[in-house]
Amino acid sequence: MLSHRLERDVLVITIEEDPGVSGRAGLATEITELVHAYRTSPVLLVIDRTASTPATASAVLRAHRQVGELNTLLSVATQDAATRRLLEDNADTCGSRLVVHTHVDVALDTAYVSAA
C-alpha cells in the first residue's frame, strides 16, 4: 500500500493504493509509525494518482493529527486537485502545519530547505 525512502534527509512516503474506507485507520497508523521512526527528518507524503481518494485524504489527515506533537514538517504532494482541497480544508491547525503541493520535486526541495 505504501513505500518509503530517505531522499536528501527527507522521509518520502509514497501512498500507492487507495486504502478504502476500511483501510484508513491502518494506513494512518503505518504513516505515523514511520514518522516516529524517522522523527528527526521532515516528511513528504506522495499520493499517487490511483490513491488520490477521500479515504486516502482522511488517513493522511488522521496521521497529521497523530504526529502533530512531534513538531515535524509534514508535506503532501498530489496532482489531484480535489484531494489537495480536502487536505487544505480539513488540516488540523493545532499542531504543525500541513503543507500541500502539486509537484513532488517542489515539495521535496521545500522540505529539504526547511530542515537545513
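Starting from 1, each residue takes its place in the sequence as its number. All values derive from a computational prediction rather than experimental measurement. Below, each value reflects all heavy atoms present in this structure, side chains not excepted, and no hydrogens, waters or symmetry copies.
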Got a second to check how far Glu30's CD is from Glu33's CD, nearest 0.5 Å?
-> 7.5 Å
For the side chain of Ser58 and the backbone of Pro54, is there at least one donor-acceptor N/O pair under 3.5 Å apart?
-> no
Below 4.5 Å, heavy atoms only, C-beta onward: do Val60 and Leu74 meet side chain to side chain?
-> no
Given side chains that start at C-beta, do those of Thr56 and Thr83 come closer than 4.5 Å, heavy atoms only?
-> no
Rounded to the nearest 0.5 Å, the OG1 atom of Thr32 sits from the NE2 atom of His64 at a distance of 11.0 Å
Distance (rounded to the nearest 0.5 Å) between Arg85 CZ and Asp80 CG = 8.0 Å
Mind checking side chain to side chain contact (heavy atoms under 4.5 Å, CB included) for Ala55 and listing every partner two or more places apart, or none if nothing turns up?
-> Asp18, Pro19, Arg24, Thr53
side-chain contact (heavy atoms from CB on, under 4.5 Å) between Leu98 and Leu61: does it pass, once the steps are laid out?
-> CA-CA 9 Å; Leu98 181 67; Leu61 291 167; 4.1 Å; yes
In one Ile/Leu/Val/Met/Phe/Trp/Tyr side-chain cluster, 4.5 Å: Val76, Leu70 | yes
Carefully, step by step, assess Leu6 and Leu11 under the rule side-chain contact (heavy atoms from CB on, under 4.5 Å).
-> CA-CA 5 Å; Leu6 271 178; Leu11 174 61; 4.3 Å; yes
Please examine the side chains of Arg8 and Asp109, heavy atoms only from C-beta on, and report whether any two atoms are closer than 4.5 Å.
-> yes
Do Leu27 and Ile15 come close enough that some side-chain heavy atom pair is under 4.5 Å?
-> yes
Roughly how far apart are Ser52 OG and Leu86 CG, rounded to 0.5 Å?
-> 10.5 Å
For the hydrophobic clusters of this structure (ILVMFWY residues joined by side-chain heavy atoms under 4.5 Å, transitively), does one cluster hold both Val12 and Leu34?
-> no
Can you name the closest pair of heavy atoms from Thr50 and Glu16 and give their distance?
-> OG1-O, 3.1 Å
Are more than 12 heavy atoms from other residues, nucleotides or ligands located less than 6.0 Å from atom CG of Asp9?
-> no
Measure across Ala111 and Pro42 and return the closest heavy-atom pair with its distance rounded to 0.1 Å.
-> O-CG, 3.6 Å
Do you reckon Val10 sits in the same ILVMFWY cluster as Val104, going by side-chain contacts under 4.5 Å, direct or chained?
-> yes
Here the pair of heavy atoms bringing Leu87 nearest to Ala57 is CD2-O, 3.8 Å
Mind checking whether Leu73 and Val35 sit in one hydrophobic cluster, side chains of I, L, V, M, F, W, Y counted as touching below 4.5 Å?
-> no
Val67 and Val43: side-chain contact (heavy atoms from CB on, under 4.5 Å), yes or no, with the steps?
-> CA-CA 11 Å; Val67 301; Val43 179; over 6 Å; no
Examine distances only and state if a side-chain atom of Thr29 and a backbone atom of Ala25 form a donor-acceptor pair shorter than 3.5 Å.
-> yes
Counting N and O atoms only, with roles assigned by atom type, does the side chain of Arg84 sit under 3.5 Å from a partner on the main chain of Thr78, one being a donor and the other an acceptor?
-> yes
Output the distance between atom CD (Gln79) and atom OG1 (Thr102), rounded to the nearest 0.5 Å.
-> 8.0 Å
Nearest atoms (heavy-atom pairs only) where His101 meets Ser75 = CD2-CB, 4.3 Å
Among all residues two or more places apart in sequence or in another chain, which pass the salt bridge (charged side-chain N to carboxylate O under 4.0 Å, His left out) test with Arg5?
-> Glu7
N/O donor-acceptor pair under 3.5 Å between Thr72 side chain and Ser41 backbone | no
In this structure, CD of Gln66 is separated from NE2 of His36 (nearest 0.5 Å) by 7.5 Å
Kindly indicate whether the side chain of Ile13, heavy atoms from C-beta on, has any atom under 4.5 Å from the side chain of Leu44.
-> no
